[in-house]
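Data block below; observations after.
What you are looking at is a predicted structure, and each value in this text was computed from that prediction instead of being measured. For the numbers below, each heavy atom of this structure counts, side chains included, while hydrogens, waters and symmetry mates do not.
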Amino acid sequence: QVQLVESGGGLVQAGGSLRLSCAASGRTFSSYAMGWFRQAPGKVRAFVAAINWSTGTTYYTDSVKGRFTISRDNAKNTVYLQMNSLKPDDTAVYYCAVGQGPRWFTSGSEYDYWGQGTQVTVSS
């Protein structure tokens, strides 16, 4: 069983920045991908970013390209989501997830373990 602990959410003004962290424990992650999803009020859960743990290859949804960066710390089994130039539309609960060998990386159905979520609120 994989346990995920998310942190770093909060309230920020439009144009500001936040960095989310997700620390994983319980097993090795050498063959896993880790990703971030978000769910805004009245909307379905949506893919944000993911990283192939083995290769470091990253994936982003179009709306965050150039603003968000996903990265990893192998020694700490931790992934980060650096969010810059935040917009009110980025307001959502952000969830960290782990999947074993996903094929597409952008589908929530490919992820097996989920964190509890951290709230990000961007004011105008």
Side-chain angles (χ1 to χ4, degrees):
Q1 188 77 27
V2 175
Q3 296 174 311
L4 303 174
V5 179
E6 300 148 319
S7 62
L11 175 65
V12 65
Q13 290 185 317
S17 299
L18 286 172
R19 189 180 77 158
L20 306 183
S21 300
C22 176
S25 62
R27 63 186 299 172
T28 182
F29 291 88
S30 61
S31 63
Y32 282 71
M34 298 187 71
W36 291 94
F37 292 76
R38 65 187 180 186
Q39 186 167 14
K43 297 185 178 180
V44 299
R45 182 183 61 189
F47 169 76
V48 178
I51 185 167
N52 184 316
W53 198 260
S54 298
T55 67
T57 303
T58 57
Y59 308 83
Y60 299 94
T61 191
D62 287 343
S63 63
V64 308
K65 288 180 179 178
R67 299 189 298 122
F68 291 9
T69 302
I70 187 170
S71 61
R72 60 178 176 172
D73 186 328
N74 292 334
K76 298 180 179 179
N77 283 336
T78 298
V79 293
Y80 305 94
L81 186 67
Q82 178 66 46
M83 304 184 294
N84 298 327
S85 301
L86 283 162
K87 306 174 181 179
D89 285 348
D90 295 318
T91 295
V93 177
Y94 284 70
Y95 297 92
C96 176
V98 173
Q100 184 177 9
R103 297 179 181 179
W104 302 102
F105 292 93
T106 62
S107 174
S109 65
E110 294 189 302
Y111 291 81
D112 306 297
Y113 305 96
W114 296 83
Q116 298 301 307
T118 184
Q119 177 70 49
V120 172
T121 303
V122 184
S123 62
S124 60

Option passing side chain to side chain donor-acceptor pair (under 3.5 Å) with Y94 (candidates E6, R38, Q119) =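 Single pass found, and it is R38.
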
Using the test ring-ring contact (aromatic ring centres under 6.0 Å, His included), find all partners of F105 that sit at least two apart in sequence or belong to another chain.
->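 F105 satisfies ring-ring contact (aromatic ring centres under 6.0 Å, His included) with Y59 only.
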
Which residues satisfy the ring-ring contact (aromatic ring centres under 6.0 Å, His included) test with Y111, sequence neighbours excluded?
->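 Scan of Y111 (ring-ring contact (aromatic ring centres under 6.0 Å, His included), adjacent residues dropped) gives F37.
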
Mark yes or no for whether [X], through its side chain, and [Y], through its backbone, hold a donor-acceptor pair below 3.5 Å.
{"X": "T91", "Y": "V122", "answer": "yes"}
{"X": "T57", "Y": "T55", "answer": "no"}
{"X": "Y80", "Y": "T69", "answer": "no"}

Ignoring hydrogens, what is the shortest heavy-atom contact between [X] and [Y]? Give both atom names and the distance.
{"X": "S85", "Y": "R67", "answer": "O-NH1, 3.0 Å"}
{"X": "P102", "Y": "A33", "answer": "CG-CB, 3.5 Å"}
{"X": "D112", "Y": "Q100", "answer": "OD2-N, 3.2 Å"}
{"X": "E110", "Y": "T106", "answer": "OE1-N, 4.3 Å"}
{"X": "L18", "Y": "L86", "answer": "N-CD1, 3.9 Å"}
{"X": "A24", "Y": "V2", "answer": "CB-CG1, 4.4 Å"}

Single-linkage hydrophobic cluster [X]~[Y], side-chain heavy atoms < 4.5 angstrom:
{"X": "Y95", "Y": "V98", "result": "no"}
{"X": "L81", "Y": "M34", "result": "yes"}
{"X": "I51", "Y": "F47", "result": "no"}
{"X": "I70", "Y": "F68", "result": "yes"}

Qualifying residue, where the test is side-chain contact (heavy atoms from CB on, under 4.5 Å) with C96 and the options are Y113, W36, W114 =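 Result: among Y113, W36, W114, W36 is the only option passing the side-chain contact (heavy atoms from CB on, under 4.5 Å) with C96.
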
Pair K65 + D62: basic N to acidic O under 4.0 Å |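 Salt bridge between K65 and D62, a charged N being under 4.0 Å from a carboxylate O: yes.
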
Measure the [atom1]-[atom2] distance between [X] and [Y] for me, rounded to the nearest 0.5 Å.
{"X": "D73", "Y": "C22", "atom1": "CG", "atom2": "SG", "answer": "12.5 Å"}
{"X": "S124", "Y": "Q13", "atom1": "OG", "atom2": "CD", "answer": "9.5 Å"}
{"X": "S21", "Y": "Q82", "atom1": "OG", "atom2": "CD", "answer": "9.5 Å"}

Side-chain heavy atoms of D90 within contact of M83, under 4.5 Å =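 SC-SC contact between D90 and M83 ruled out.
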
